[in-house]
Amino acid sequence: MNKLLLLVAVALSAAACADMTPTQQRALTGTAIGAGGGAVLGAIGGNAGLGAVAGAGAGLVGGLLVDRSRQAQDSAFQQGFAAGQQSR
């Protein structure tokens with residue numbers, strides 16, 4: 001039953017991503033991956049719920065850090081591209 005609920009939650013999350021910004025998508029993806037990994041590790045330690053919560057928090061932070069990095073890369077690319085266009 002728990003596996004079915006997890007599958008439904010993942011499917012709904014994926015469907016909801018269509019109208020989200022890239023930042024929101026990365027935050028959600030990080031949270032979902034972190035919660036899944038945390039639940040597995042928590043189950044090994046005897047408390048899957050606590051592991052899922054801790055993993056979700058860590059995944060959210062990780063997803064937002066990845067988003068900041070991607071934004072910085074995109075900004076640097078755009079600046080370099082604009083500079084290249086101006087030098088012509």
Query - Main-chain N/O of Gln25 paired to Thr29 side chain as donor or acceptor, under 3.5 Å - result: yes

**Report entry** Gln73 side chain reached by Phe77 side chain, heavy atoms, under 4.5 Å
**Finding:** no

Query - From CG (Asp67) to CD (Gln24), nearest 0.5 Å - result: 10.0 Å

**Report entry** Reported CG-to-CG distance for the pair Leu60 and Leu65, which is rounded to 0.5 angstrom
**Finding:** 9.5 Å

Requested in this report: Could you go through the side chain to side chain contact (heavy atoms under 4.5 Å, CB included) check for Arg68 and Thr23 one step at a time?
Outcome: CA-CA 8 Å; Arg68 292 261 174 141; Thr23 299; over 6 Å; no

Report task. Please identify each residue that fulfils side-chain contact (heavy atoms from CB on, under 4.5 Å) with Val66, with sequence neighbours left out. Result -> Arg26, Arg70

**Report entry** Distance-only polar pair, side chains of Asp74 and Gln78, donor-acceptor under 3.5 Å
**Finding:** no

